[in-house]
Structure formats: C-alpha cells, structure tokens
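In what follows, a structure is listed as structure tokens, so that the remarks can point back to it.
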Number of protein chains: 2
Amino acid sequence: MVIDINLSNPEAIHHPAGQGPIPQPSLNRMSQYHHYLMELQDQGIDRVSCSRIGADLNLVPVQVRKDLQYTGIIGKPKTGYVVAELILAIESFLGWNNVNEAFLVGAGNLGTALLGHERFTKFGLQIVAAFDSDPSKIGQWVHGKAVLPLDKLADLAQRMSIHLGIITTPAEAAQTVADEMIRGGIQAIWNFAPARLKVPTHVIVHSEDLYSSLASLSWKLAQRFHVPIQQEGGTPDGVDANCG
Amino acid sequence: MVIDINLSNPEAIHHPAGQGPIPQPSLNRMSQYHHYLMELQDQGIDRVSCSRIGADLNLVPVQVRKDLQYTGIIGKPKTGYVVAELILAIESFLGWNNVNEAFLVGAGNLGTALLGHERFTKFGLQIVAAFDSDPSKIGQWVHGKAVLPLDKLADLAQRMSIHLGIITTPAEAAQTVADEMIRGGIQAIWNFAPARLKVPTHVIVHSEDLYSSLASLSWKLAQRFHVPIQQEGGTPDGVDANCG
DNA sequence: ATAGATTCGATCTATGGTTATCGATATAAA
DNA sequence: TTTATATCGATAACCATAGATCGAATCTAT
C-alpha cells in the first residue's frame, strides 16, 4: 500500500486531456486495466466493451467507462473500444511511453530484486544505476547495473538529469538518502523503506508501506478468527475491499 | 499499493469494539499512528493529543481522533491519550498481539528480503518456512528458515494450521501457488507477484501492486514535466494525495 | 430497410469518508 | 475557588467517489 507523505490537501489533480481532475482511485486502477488489456491482446482479441472489462475485473461497467474516459479514449457504441488503441491511450496517459530514468539506493535483497525486474522498462522505468554506502557492495555489478558510492549520487543525478529516485535501504538510512536525492534535484521518490520522509513540498513521495498492508491483513484475519458473530446481509467473506 | 481482488461489494467492515464499520483508509493509517507513537515513546513522551499527532503526521486532528476511536481507546480532555495505552490499543485492535504464522513461497530476492525482516515479528507476523519449486533452492536455509519443496506446502499448512501465505514468485507461478495455499486451508494471501489471483470468496487477498504505484508516480511525473500550464489555487506541488 | 439489442457518453443520485462544529470535561492559572 | 483554555466525544455538514439512469449512436438480424 502507499502512503504519500506530503499530503497537505488532496487538492485537485488535473490531467492533460482537460477532463477535469482524476480521482486517485481511478489512477490506481489504470495499471489493472493495462495489464488486463495486454492479456486480451495476447489472446488476439481486438475489441472490448466496458461490460466485458467490468465482468472480468469485478468492477461495475460504469466505473470502467468513467476511468477510461480520463485517458481521452473514445469508444463506439455497441462495439466498445479497440484494444490496441486503449492500451496506447493508457500508456500515454500514464506517461509510460516516455522513459523515466531512475537511481536506486540500497543494493540489498529488495534493491537487487527491483534492479533485476526488466519488466519495468515496459512501463517507462529505467533504473540506470544503483548506490550504496557499504564499501563491500560498491564497485559490484547487479543485474548489469553498477553499484556506486552514495556520495556520488547528487552530482550524478544533476548532471544526468535524473528525476526519479528509489529507496530500498533500511529505515534508518532513508532520510539521509532522500536528502541526497533532493540535493541532486530529484523530483520524485519511490520509497520502500518503512520511514516517513521529510521532503520539500515540491517533491513527490510514494511510500510502499508494508506495515500498512500488514495492518489491514492482520486486522482482517483477527476479525475472522476472533469475531465469530457475523450477523448481516453480507457474508463473513465480504470483509474485503479494494485498496487494502 | 494494494488491490484486493475479490471485491464484489466493499460491504460493511465491522470491528470488535462494535463502533460500527471501519473505513479502509482509517485502517491503513493505523500503522502510521503506531510507528509514530513508538517514536514518541522512545523520546520518553507519555501523553499525546490528537492535535499533536495531526500536526506531526499532516492530518487534521479530527481525523486522528476518529481513527483512534475505532481502537476503543478513550482519551481525557485537555490531556489527550496515554501513549503506552494507545500503542497497546492499536496493537490489540490490529491483532498484532497475536502471532500469525505464515508460509512464504518464492525464495528469490524479494522472498529473501522478507524472510530476513525480523521486525515483522513485532507485528505478529512469523514466517515459519519458505517454499520453492527450484531444486537448487530446496534444502537451503534462508535467514534461518528452511526452503522446502512446494508440493509439501498444502499438507504442512493443514497440519500446522497456517492461515497466512505470502507469494513472492514471478507472476507466472502465482496462481498455481495460490491454488496450493488454498488447498492447504490458507485463509489469507499476501501477494507480491504482479498477477490477479482467482480465489474463492472466503479467502482474503492483499496484492502489493507495484505497477499501480508506478502508474501514479509516473503519471504525476509526466504531469509535472509535460503540463507547464498550472493555473489555479493549488500549487503545481499539490499534485499529491494519499493512497497513491 | 427496419427493429431490436447493445454500448457509449453525460447527467444525476447515493454512499462513504472527511472535515467542521458544539457541548462537556479536565487541567492550569489567577 | 473561580476562570480560562485545551481537548475529547458526538453530531452534523460537506465533498469525493461510486453507482444508476437515460438518450443517442451503432451494429446485427430479420
């Protein structure tokens, strides 16, 4: 799950097509649609309707339609959308057709996992180098990326115009790393360390907060086992919701 | 970010204290409060008010108060809450005072990272064994946990009454693994593989969906760089929101 | 060519979550 | 002891998101 630290006010979120602000939940569903459409394409299906998408993704058709409208795609009555077009629309909407070069800090297991995830390139994410402060890791190559000393980050980020930083260090190091990134002019941080980052308001922070997920998960498990009383319309199974 | 697959209807989510259903966002904020309160405790602070929490966490006090009420804690006017009590209240509310034993499948980098994360035990999560289908990994020990063959999972889960499964395999394997887990009577799945899992409705699924996060992140970055026009109350920085 | 079925796009309504308000209560200061 | 202030808990207003409805458009089948 994600907690974005510098919230202040959830303000209007506008998008290019000028269709007004897009709700965060809609934005979150985009990748789901994208993934699903890629599957359709693999199966040789070239047209799809909102009803179909909704049925397969457990969403009500109207919601799908609304979400897709944000991408600027237009569909035809009775036929629906052209799958290929729709994929492109989503990719362009999300900026996945442009490359985002990124620096990753923290060449541990998690960092290594991300470095090895070639599929990111399909979504415009290109991790170009890794950094660490552990001398034993510096100079190594991980999945074809050099591990450089952390103190080179700011300068390199600036010279290479890197806008995105990924933090996969332990919690203690996270703030220091974030500060370095900001010093290097990095605009957005994808943070996997379980720490609240203090950043200037112009910096975008997305934190993957495992504990938050774990919290919902264990709460729901606890519910199931310690609250045998379940007496209403919804089945005991209905304890789920999206965005857990 | 998290997408929970078997949604159907986001139905009422009830909790023990009987204060009515708890909103998912509130649930997600719980771990944040918990983390913050632990910090306070480390600093020797023993009382705290909602205003204080809100100021430090960028939340409006009234929201904090409401969230905390779900845990059943009661505070005193003018003083606020006793930190130690509050921590206990949250832990008990989330079920973090009970142990959840879990099996993890997929002893790759990500799996290894999770297996090595001792801090999980503080939150009631105890990963008791790892599984894999790669013969070269079977029989190894990772961070003190044995890596067993996948086909032993269902039987062991049943005999040991394991309720929680963690999937850290590649996407292709995820569904097979989930099926095995369900065969073993597992109730909840924490899925890190980028795949939609098909599960019976009684099984809780929490998927950490990296692509969804990446989608928001790259959208926001794209917004920043490709839409120089930003003409309203909110600053261009205000593009953030929680739950990205 | 026409009738029927299906789906899109737009508008409207309902739900759920967030934020504001108000009285009550506890502490601190006068 | 009294008064002022801060905070809690509850209720109510508000806003964002989700869902329902309806007309218009397009395709298929007769």
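Sequence lines set the chain letters: A, B, ... in the order given, protein chains first and strands last, and positions in each chain run from 1.
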Measure the distance from [atom1] on [X] to [atom2] on [N] and round it to the nearest whole Å.
X	N	atom1	atom2	answer
Asn58(B)	dT19(C)	CG	P	12 Å
Asp67(B)	dG9(D)	CG	C1'	14 Å
Gln24(A)	dT18(C)	CD	P	13 Å
Leu68(B)	dA10(D)	CG	C1'	16 Å
Asn28(B)	dT18(C)	CG	C1'	15 Å
Gln63(B)	dG16(C)	CD	P	18 Å
Arg29(A)	dT17(D)	CZ	P	10 Å
Gln69(A)	dT11(C)	CD	P	10 Å

Next item on the list: Flag yes if more than 12 heavy atoms outside Ile45(B) fall under 6.0 Å of its CD1 atom; otherwise flag no.
Entry: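 Enclosed: over 12 neighbouring heavy atoms sit under 6.0 Å from CD1 of Ile45(B).
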
Margin query: Can you confirm if the aromatic rings of His34(B) and Tyr211(A) lie within a centre distance of less than 6.0 Å?
Written below: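 So the answer is no for these two rings.
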
Checklist line | Under 3.5 Å: donor-acceptor pair, side chain of Ser218(B), backbone of Trp96(A) | finding: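 Such a contact is absent between Ser218(B) side chain and Trp96(A) backbone.
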
Next item on the list: Measure from the side-chain N and O atoms of Thr79(B) to the backbone N and O of Pro77(B), and report whether any donor-acceptor pair falls under 3.5 Å.
Entry: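 Checked: pair present.
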
Next item on the list: Sorted by first residue and then second, give each salt bridge (Lys or Arg N to Asp or Glu O under 4.0 Å) pair with at least one member in residues 62-84 of chain A; sequence neighbours left out.
Entry: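 Those involving residues 62-84 of chain A are Arg29(A)-Asp67(A).
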
Check: Going by the salt bridge (Lys or Arg N to Asp or Glu O under 4.0 Å) test, which pairs reach into residues 86-99 of chain B, not counting sequence neighbours?
Finding: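 Counting only pairs at least two positions apart or across chains, no salt bridge (Lys or Arg N to Asp or Glu O under 4.0 Å) contact touches residues 86-99 of chain B.
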
Checklist line | Residues touching DNA chain D, which here means a heavy atom under 4.0 Å, drawn from residues 35-53 of chain B | finding: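 Going residue by residue through residues 35-53 of chain B, the ones with a heavy atom under 4.0 Å of DNA chain D turn out to be Ser49(B), Cys50(B), Ser51(B).
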
Notebook entry, point to check: Quick one: the side chain of Lys66(A) and the base of dG19(D), do they pair up donor-acceptor inside 3.5 Å?
Noted result: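 Yes, a donor-acceptor pair under 3.5 Å.
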
Check: With respect to the side chain of Val62(A), which nucleotide from dG17(C), dG9(C), dT21(D) is positioned closest?
Finding: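 Among the listed nucleotides, the one closest to the side chain of Val62(A) is dT21(D).
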
Next item on the list: Report the relative orientation of the aromatic rings in Trp219(A) and Phe93(B); use parallel for angles under 30°, tilted for 30 to 60°, perpendicular for over 60°.
Entry: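 Answer is tilted, since the angle falls between 30° and 60°.
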
Next item on the list: Tell me, please, which residues at least two apart from Ala188(B) pass side-chain contact (heavy atoms from CB on, under 4.5 Å).
Entry: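 In terms of side-chain contact (heavy atoms from CB on, under 4.5 Å), with neighbours along the sequence ignored, Ala188(B) is linked to Leu217(A), Leu221(A), Leu164(B), Ile204(B).
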
Item checked: Sugar-phosphate or base contact per nucleotide [nucleotides 25-30 of chain D; S, B, -; heavy atom under 4.0 Å] -> BBB---

Note to self: Could you work out, with side-chain hydrogen bond (donor to acceptor under 3.5 Å, both in side chains) as the rule, every residue matching Arg183(B), not counting sequence neighbours?
What the structure shows: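 For Arg183(B), the residues satisfying side-chain hydrogen bond (donor to acceptor under 3.5 Å, both in side chains) (neighbours in sequence not counted) are Glu180(B).
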
Check: Any side-chain N or O of Arg65(A) less than 4.0 Å from the OP1 or OP2 oxygen of dG9(C)?
Finding: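 So the side chain of Arg65(A) is outside the cut-off, no N or O lying under 4.0 Å from OP1 or OP2 of dG9(C).
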
Notebook entry, point to check: Given dG9(C), is OP1 or OP2 found less than 4.0 Å from the side-chain N or O atoms of Tyr81(A)?
Noted result: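 Answer is yes, contact under 4.0 Å.
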
